[in-house]
Amino acid sequence: MGIKSILVHLDSGVNVQGRVDAAAALALRYEAHLIGLAPAGWYALPPEGAGGGGLAAYQQAAMDELRSQALGRARLFQERVSLLGVTSYEGRVEMGYAGEVMTLAARYCDLAVVSQLNPDDACNGSSGQMAQEMLLRSGRPLLVLPFAGECEVPAAARVLVGWDGSREAARAMRDALPLLRQAASVEVAVFETPEDVGRNHGPMPGADIGLWLARHGLKVKVSYVPIKVAAGEALLSHAADMGAQLIVAGGYGHSRLREAVLGGVTRTLMASSPVPVLLSH
């Protein structure tokens, strides 16, 4: 299993170039096709004005402007990745809300790349909700890049995997294999409180998943880390201690109508990790 197609979100925020550069570097490393998708959004008239001919014309003009802006982002993407040496790529524009457009497109790719919300970015819009919807509804792994600092992913030498024996963690481990094979060191850490021991593990927490990874040719260190703080905080602290350049973890939550509701660990990683995080649901 490899990475043959990568999707990256194109918006007008301050992090878009770093995100495109990271996605391009991944595409070059894995010889993957790179898709830059610019959701154009949607301009809806209020119900009381929907029937007016003048308002309908105004709506069409607004939609045309949204599409024009998205086309500009797609053109900039194509110019950038061509300069970076990517040979298989396409810039796309889709009318519609970002969460719906990106979630659907992600289902036809091996990996989707987004960024954390930048609190200083006026163009955040609904990007946070979009990323949550993609994680919980696309069925594909999501690579979340930090809004600050470097986003060096392809040559991540040290990788930390958070393992709790869950379905989501198993999915993330499988999805991350192409990245894990590129790493110089991989540490699988089991973060549990004493009362959690044995729920999803055998008598030696982490031993079975370490053996599974070894059978895939990886050299892995397995650590059992008892914790007294929230698991998300413990994971980030351990990542800092080992100098991790990538975190792999299961993404937890559920979709409730149009709202994506995340678990506490996933929310912490998506909002606060200073290094890239690969999540699978």
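This one's a predicted model, so the numbers in the text were calculated from it and none came from an experiment.
- No donor-acceptor pair under 3.5 Å is formed between the side chain of Tyr89 and the backbone N or O of Phe77.
- In this structure, Glu90 pairs ionically with Arg92, as a charged nitrogen and a carboxylate oxygen lie closer than 4.0 Å.
- Residues Ser12 and Arg73 meet the side-chain proximity criterion, which asks for heavy atoms closer than 4.5 Å.
- Put simply, CD on Gln182 and CD1 on Ile3 are 9.0 Å apart, with the number rounded to the nearest 0.5 Å.
- Hydrophobic cluster membership differs between Leu76 and Leu84, with clusters built from Ile, Leu, Val, Met, Phe, Trp and Tyr side chains linked at under 4.5 angstrom.
- Of the inter-residue distances, the one linking Leu28 atom CG with Leu34 atom CG reads 8.5 Å to the nearest 0.5 angstrom.
- Taking both residues in full, the closest heavy atoms of Asn15 and Ser115 are given as CB-OG, 4.1 Å, listed atom of the first, atom of the second, then distance.
- Side-chain contact between His216 and Arg181: present, with at least one pair of heavy atoms (C-beta onward) separated by less than 4.5 Å.
- Nearest heavy-atom pair across Leu37 and Ala105 is CD2-CB, 3.6 Å.
- A distance of 5.0 Å separates CE in Met130 from CE in Met102, rounded to the nearest 0.5 Å.
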Determine, step by step, whether Val190 and Ser223 satisfy the side-chain contact (heavy atoms from CB on, under 4.5 Å) criterion, reporting the C-alpha distance in whole Å, the side-chain angles of both residues, the deciding distance to 0.1 Å, and the verdict.
CA-CA 6 Å; Val190 181; Ser223 302; over 6 Å; no

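- Under the 4.5 angstrom side-chain criterion for Ile, Leu, Val, Met, Phe, Trp and Tyr, the cluster partners of Val93 are Leu71.
- Not one N or O on the side chain of Arg19 forms a donor-acceptor pair closer than 3.5 Å with the backbone of Val114.
- For the pair Val20/Val81, a side-chain contact is recorded, criterion being any heavy-atom separation below 4.5 Å from C-beta on.
- Side-chain atoms of Glu187 never come within 3.5 Å of backbone atoms of Leu160 as a donor-acceptor pair (strictly under, hydrogens ignored).
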If you look only at distance, which donor and acceptor atoms sit under 3.5 Å apart when one is on a side chain in residues 270-281 and the other is two or more places apart or in another chain?
residue, atom, partner, partner atom, Å
Ser273, OG, Val275, N, 3.2
Ser273, OG, Val275, O, 2.7
Ser280, OG, Asp175, OD2, 2.6
His281, ND1, Gly251, O, 2.8

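- Considering only heavy atoms from C-beta on, Ile247 stays 4.5 Å or farther from Val161 through its side chain.
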Worked check of side-chain contact (heavy atoms from CB on, under 4.5 Å) between Tyr30 and Lys4
CA-CA 7 Å; Tyr30 295 101; Lys4 296 302 179 186; over 6 Å; no

side-chain contact (heavy atoms from CB on, under 4.5 Å) for Asn118 and Val14? Distances and angles first, verdict last.
CA-CA 8 Å; Asn118 187 332; Val14 297; 3.4 Å; yes

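- For the pair Ala70 and Ala38, the tightest heavy-atom approach, listed with the atom from each and the gap, is O-CB, 3.6 Å.
- A donor-acceptor pair is defined here as one N or O able to donate and one able to accept, closer than 3.5 Å; such a pair exists between the side chain of Arg107 and the backbone of Arg137.
- Atom CG in Leu236 sits 11.0 Å away from atom CG in Asp241 (nearest 0.5 Å).
- The two residues Ala189 and Val225 make their nearest non-hydrogen contact at CB-CG2, 4.4 Å.
- In this structure, the side chain of Thr268 engages the main chain of Gly264 through a donor-acceptor pair within 3.5 Å.
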What verdict does the side-chain contact (heavy atoms from CB on, under 4.5 Å) test give for Ile209 and Val220, after you've listed the backbone C-alpha separation in whole Å, the side-chain angles of each residue and the deciding distance to 0.1 Å?
CA-CA 10 Å; Ile209 197 63; Val220 182; over 6 Å; no

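- Contact check for Val113 versus Ile6: side-chain heavy atoms found under the 4.5 Å cut-off.
- When side chains are defined from C-beta on, Tyr108 does not count as touching Arg140, because their heavy atoms never get closer than 4.5 Å.
- Judged purely by atom type and a 3.5 angstrom limit, Thr103 uses its side chain to pair as donor or acceptor with the backbone of Gly99.
- To the nearest 0.5 Å, the span separating CG on Leu26 from CG on Asp21 amounts to 11.5 Å.
- Judged purely by atom type and a 3.5 angstrom limit, Gln116 uses its side chain to pair as donor or acceptor with the backbone of Phe147.
- The structure places CG of Leu104 at 12.0 Å from CD of Glu133, a figure rounded to the nearest 0.5 Å.
- In plain terms, the two heavy atoms of Met134 and Ala112 that are nearest each other are CE-CB, 3.6 Å.
- When side chains are defined from C-beta on, Tyr97 does not count as touching Pro39, because their heavy atoms never get closer than 4.5 Å.
- For the ring-ring contact (aromatic ring centres under 6.0 Å, His included) test, no residue two or more places apart in sequence or in another chain qualifies with His33.
- Side chains of Val222 and Leu213 form no contact here, defined as non-hydrogen atoms less than 4.5 Å apart.
- When all heavy atoms are compared, the tightest approach of Ser138 to Ala106 is CB-CB, 3.8 Å.
- Side-chain atoms of Arg171 do not come within 3.5 Å of backbone N or O of Gly250 as any donor-acceptor pair.
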